[in-house]
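One structure is given below, encoded as structure tokens.
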Amino acid sequence: MNIFSHFEEIVSDALSSLQSAGTLSADLDLARVAVEPPRDPSHGDIATNAAMVLAKPAGMKPRDLATHVSAALEASGHFTKVDVAGPGFINMTVRDSFWQTRLADVLAARTAYGVSEMGKGQNVNVEYVSANPTGPMHVGHTRGAVFGDALANLLEKASFDVCREYYINDAGGQIGVLADSAFLRYREALGEDIGEIPEGLYPGDYLVPVGRALAADHGDKLLTMAKAERNEIVRAAAVEAMMDLIRGDLDALGIEHEVFFSERELHQSGKIDTTLKQLDNKDLIYVGVLEPPKGKTPDDWEPKPQTLFRSTNFGDDVDRALKKSDGSWTYFAPDIAYHLDKYQRGYTHLIDVWGADHGGYVKRMKSAVEAVTEGGADLDVKICQLVRLMRNGEPIKMSKRAGTFVTLRDVVEEVGRDAVRFMMLYRKNDAPLDFDFAKVTEQSKDNPVFYVQYANARIHSVLRNAAADDGLSGVDITDSALATADLGSLSDEAELGLIKHMLQYPRMIEAAAEAHEPHRVAFYLFELASSFHALWNKGKDHPELRFIVPEQRDVTLARLALIRATGYVIASGLGVLGVEPIEEMR
RNA sequence: GGUCCCGUAGCUCAACUGGAUAGAGCACCUGCCUUCUAAGCAGGAUGUUGCAGGUUCGAGUCCUGCCGGGAUCGCCA
């Protein structure tokens, strides 16, 4: 559990006691009162802004109110010290034994430590990747894939019921191109010399097996078949093959979606029509003519009546087209139906993970979700900025035409799944990311992937040594034994610092889940690893601080409990990131 | 031109949804390295948070206007 919510209760109890004593009025809004660890540890263990937030509504000066609150907190008996500082902060200090004994919580929970009840009873649908099934995944897709997956893990850690979903764009014009490209490969498989792949078709080798499979299944029958019928066969086979390819790519990253949702099925089931009918009944659809974009009118612009959705009613800048000039749906129309379908399947929290190039699409989608669910669902769109691949400090130039674009597989095979995942998450999603091949595989402190893994490996190294050490032979170092160790000896500043750092993990998980920001987990782990390494290094100058002190069994056991718990927190956090903790590095 | 994102130490980036003296790593300076794993360690210096206003006890964070960079801009997905 999050121990800071424990202190929140204590502070809130203190405030109520002031209310019943008449010092504070009973109808005070306590919503803005925060109970947090102070940034500067010298300020104590816990701080609250209660006095500053409540001063004005209470009609008191912050420092005066703080004195009252601090007296009430002191009276609670939970703290060894309560101070008023600065403009009216109240700083609280807890006795060391409080922190020490909390280690047992970690040892009991193991890698389940940090699980929060925050999302209990709520479900959330996370849609990510959704790459067009026209070829293998490239690096551009990788970041969104890893981000979405880690976010899903994070929300699960916060007890949300999570659905990982992939929207298959299998209905648009690009799928027609895919089918034509596959048909060409089919003719090739039948022995025809197809020469150069014509401009506009997909030239990739990955379609060669699709052509062969079609030839094996159908012989030369497709050549004489009616075009519509043949197209359907080729399209279905090609999309199926591409999805297999993509699923394989995702598997290489350790990603598995529960739901693959087909856009094509939306068209066929008539759901688009019924969805738009629903909007039409609310007078949210009309036929009108849009203004050209200001300042940049396209050359071929001509005013045309279009079927439009009134997204401006919901905060969008212009109304958005639902039909193309040939009468078929735009991409937007089925997407509205799709999001309604998610809602009808019971999801009230929707998250979409998109690439940076779709940023201009966010407002209309949020508008549509609000309209079509009548405010029943909320949509959060997470935009992942571009990834720049670097080698030796130089950006790698990619060109689809020249066939030099780097696939997801290329990257995973070169640096490994764990390193790819960690690095993709070691940056806020809306900031661009440089991915340097050399740095990611480097074994040094400069590489956060390695630094965190190395901390865990060191921990297990010590545990192995402890199990093998003659001076300790016969001593029980199982978790249950460590949990009962006398932890009072963990009194060094670095030891207490590590404990306190570790105990912030549940709070960090909740905040990250709330904000939909998995990168916070990665940064937290780097800092926790840093705390651990610092303690390790301190043992060099101060041998009495080393983890294994053969002549002092109790101290050793306490320290083993400390690092065992640290290892669990690291493993737990890496689990959220989808990275395998390494226990031995040779 | 409209919209969205970004702008923080010389460089790459954080900053717990408004908290106290804005923090890490790299690079730089000084001193250490035959170990529970030096794949280094300890310490030091480093800032007008792009600019100008505003909101309030308090702003890197929220609001307005500029400057600069990126993405995008009726029928591609």
Side-chain angles (χ1 to χ4, degrees), chain A residues 32 34 36-40 43 47 49 51-53 55-56 61-63 85-89 91 130-132 134 169 171-175 263 289-298 301-304 306 308 316-332 335 355-363 383 385-386 426-428 430-434 436 442-448 450-451 454 457-458 461-462 465-466 469 504 507-508 510-512 514-515 517 519-520 523-524 526-527 530 533-534 536-541 543 546-550 559 585-586:
Chain A
R32 289 184 60 219
E36 302 174 325
R39 274 186 191 160
D40 184 345
H43 290 141
N49 61 356
M52 291 177 294
V53 174
K56 185 172 254 186
K61 288 183 183 171
R63 299 271 318 191
F89 283 101
N91 294 327
S130 301
N132 290 345
T134 56
N169 298 126
Q174 292 182 23
I175 295 302
E263 178 190 353
V289 181
L290 288 177
E291 296 281 317
K294 283 173 188 162
K296 189 207 156 207
T297 306
W301 178 272
E302 46 183 301
K304 271 188 195 169
Q306 289 177 291
L308 300 168
D316 201 356
D317 310 300
V318 289
D319 293 334
R320 302 293 180 176
L322 295 166
K323 278 187 181 174
K324 302 179 192 174
S325 49
D326 67 359
S328 64
W329 299 117
T330 62
Y331 177 76
F332 188 35
D335 219 2
D357 52 342
H358 289 63
Y361 200 77
V362 174
K363 278 189 184 176
I383 296 291
Q385 281 294 335
L386 303 177
Y426 199 64
R427 188 109 320 174
K428 235 179 344 194
D430 52 11
L433 183 151
D434 285 349
D436 194 313
E442 190 176 285
Q443 301 208 331
S444 80
K445 195 179 175 179
D446 305 353
N447 178 5
F450 169 78
Y451 193 65
Y454 188 38
R458 273 182 160 172
S461 169
V462 175
N465 284 338
D469 193 300
Q504 294 206 23
R507 186 171 176 275
M508 182 279 302
E510 288 184 348
E514 179 78 39
E517 288 183 348
H519 78 274
R520 294 193 198 189
F523 280 95
Y524 171 85
F526 181 81
E527 284 160 11
S530 182
H533 287 306
W536 171 288
N537 292 327
K538 209 168 177 180
K540 193 167 42 148
D541 291 335
R546 294 181 179 188
F547 299 123
I548 298 176
V549 189
R559 289 178 183 168
M585 293 171 123
R586 290 282 170 197

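Residue numbers start from 1 in every chain, and the chains themselves are labelled A, B, ... in the order their sequence lines are given, proteins ahead of strands.
A 3.5 Å limit on both hydrogen-bonding distances identifies B:C73 as the Watson-Crick or G-U partner of B:G1. Pairing partner, B:U37: none, since no Watson-Crick or wobble contact has both distances short of 3.5 Å. Across all strands shown, B:A52 is found opposite B:U64 as a Watson-Crick or G-U wobble partner, with both distances under 3.5 Å. Across all strands shown, B:G44 forms a Watson-Crick or G-U wobble pair with B:C28, both key distances being under 3.5 Å.
A donor N or O paired with an acceptor N or O is not found under 3.5 Å between the base of B:A42 and the side-chain atoms of A:D541.
In this structure, A:N537 places its CG atom 14 Å from C1' of B:G43, rounding to the nearest Å. Between A:K56 atom NZ and B:U55 atom P there is a gap of 12 Å when expressed in whole angstrom units. Atoms NZ (A:K61) and P (B:G58) sit 15 Å apart, rounded to a whole Å. We find that CG of A:D317 is positioned 16 Å from P of B:G1, with the value rounded to whole Å. Following rounding to the nearest Å, A:R507 (CZ) and B:A15 (P) show an atom-to-atom distance of 14 Å. Distance, A:D436 CG to B:U12 C1': 11 Å, rounded to whole Å. Rounded to an integer number of Å, the gap from CG of A:D430 to P of B:U17 is 17 Å. Here B:G58 presents its P atom at 19 Å from CD of A:E36, a figure rounded to the nearest Å.
Contact annotation: A:N49 does not reach the phosphate of B:A20 (side-chain N/O to OP1 or OP2, under 4.0 Å). Within the structure, a side-chain polar atom (N or O) of A:K428 is placed less than 4.0 Å from OP1 or OP2 of B:A15. Between B:A39 and A:S444, no contact under 4.0 Å exists linking OP1 or OP2 to a side-chain N or O. Of the side-chain N and O atoms in A:H519, one or more sit less than 4.0 angstrom from OP1 or OP2 of B:A15. The phosphate of B:C16 has neither OP1 nor OP2 within less than 4.0 Å of any side-chain N or O from A:R520. Under 4.0 angstrom from either OP1 or OP2 of B:C4 there lies at least one side-chain N or O belonging to A:K363. Listed pair A:R39 / B:G19 fails the phosphate criterion, with no side-chain N or O lying under 4.0 Å from OP1 or OP2.
Taking CG of A:L322 as the start and CG of A:D335 as the end, the distance is 11.5 Å to the nearest 0.5 Å. Interatomic distance, A:I548 CD1 to A:R559 CZ, rounded to the nearest 0.5 Å: 11.0 Å.
Residue A:V53 is classed as a base contact, given a heavy-atom separation below 4.0 Å to a base. At a threshold of 4.0 angstrom between heavy atoms, the contacts of A:A512 with the nucleic acid are absent. As judged by a 4.0 angstrom heavy-atom cut-off over every strand, A:Y426 is placed among residues making no nucleic acid contact. A:E527 comes within 4.0 angstrom of nothing in the nucleic acid, heavy atoms only. A:M52 comes within contact range of at least one nucleobase, with a heavy-atom separation under 4.0 Å. Counting non-hydrogen atoms under 4.0 angstrom, A:R32 reaches a base of the nucleic acid. Residue A:A34 is out of contact with every strand shown, counting any heavy-atom pair closer than 4.0 Å.
Here the closest non-hydrogen pair linking A:L290 and A:W301 is O-CZ2, 3.3 Å. Residue A:V53 comes nearest to A:R32 through the heavy atom pair CG1-CB, 3.4 Å, listed as atom of the first residue, atom of the second, then distance. In plain terms, the two heavy atoms of A:Y454 and A:M585 that are nearest each other are CA-SD, 3.7 Å. The two residues A:N537 and A:R458 make their nearest non-hydrogen contact at OD1-NH1, 4.3 Å.
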Contact pattern, 5' to 3', of nucleotides 67-77 of chain B - B, S or - by protein heavy atom under 4.0 Å: ----SSBBBSB
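For the C1' atom pair drawn from B:U30 and B:G69, the interatomic distance equals 39 Å after rounding to whole Å. B:U56 and B:G18 are spaced 10 Å apart, taking the C1' atom of each and rounding to whole Å. Taking atom C1' in both B:G19 and B:C62, one finds a spacing of 14 Å when rounded to whole Å. Between the C1' atoms of B:C28 and B:C66, the separation comes to 36 Å (whole Å). For B:C51 and B:A9, the P atoms lie 11 Å apart once the distance is rounded to whole Å. B:C41 and B:G25 have their C1' atoms separated by 16 Å, given to the nearest Å. Remark: the separation of the C1' atoms in B:U46 and B:A59 is 23 Å, to the nearest Å. Rounded to the nearest Å, the gap between the C1' atom of B:G65 and that of B:G43 is 46 Å.
The 5' end of RNA chain B is approached more closely, in terms of each residue's nearest nucleotide, by A:A85 than by the other of A:A85 and A:M585. Each of A:W536 and A:D446 was matched to the nucleotide of RNA chain B holding its nearest heavy atom; the match closer to the 5' end belongs to A:D446.
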Derivation and outcome, side-chain contact (heavy atoms from CB on, under 4.5 Å), residues A:N132 and A:N169: CA-CA 5 Å; A:N132 290 345; A:N169 298 126; 2.9 Å; yes
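B:U17 has its base syn relative to the sugar, with a glycosidic angle deviating from 0 by at most 90°.
Checked against A:K428 for a side chain to side chain contact (heavy atoms under 4.5 Å, CB included), the options A:R520, A:H519, A:Q385 give a single hit: A:H519.
Under the salt bridge (charged side-chain N to carboxylate O under 4.0 Å, His left out) criterion, A:R507 pairs with A:E36, not counting sequence neighbours.
Per the stacking criterion (ring centres < 5.5 Å, plane angle < 30°), A:F523 does not stack onto the base of B:A14. Judged by centroid separation below 5.5 Å and plane tilt below 30°, A:F89 does not stack onto the base of B:G19.
Cation-pi geometry between A:K324 and A:W329 is not met at under 6.0 angstrom from the ring centre and within 45 degrees of the axis.
In this structure, A:F523 and A:Y426 have parallel ring planes: the angle between them is below the 30° cut-off, well short of the 60° mark.
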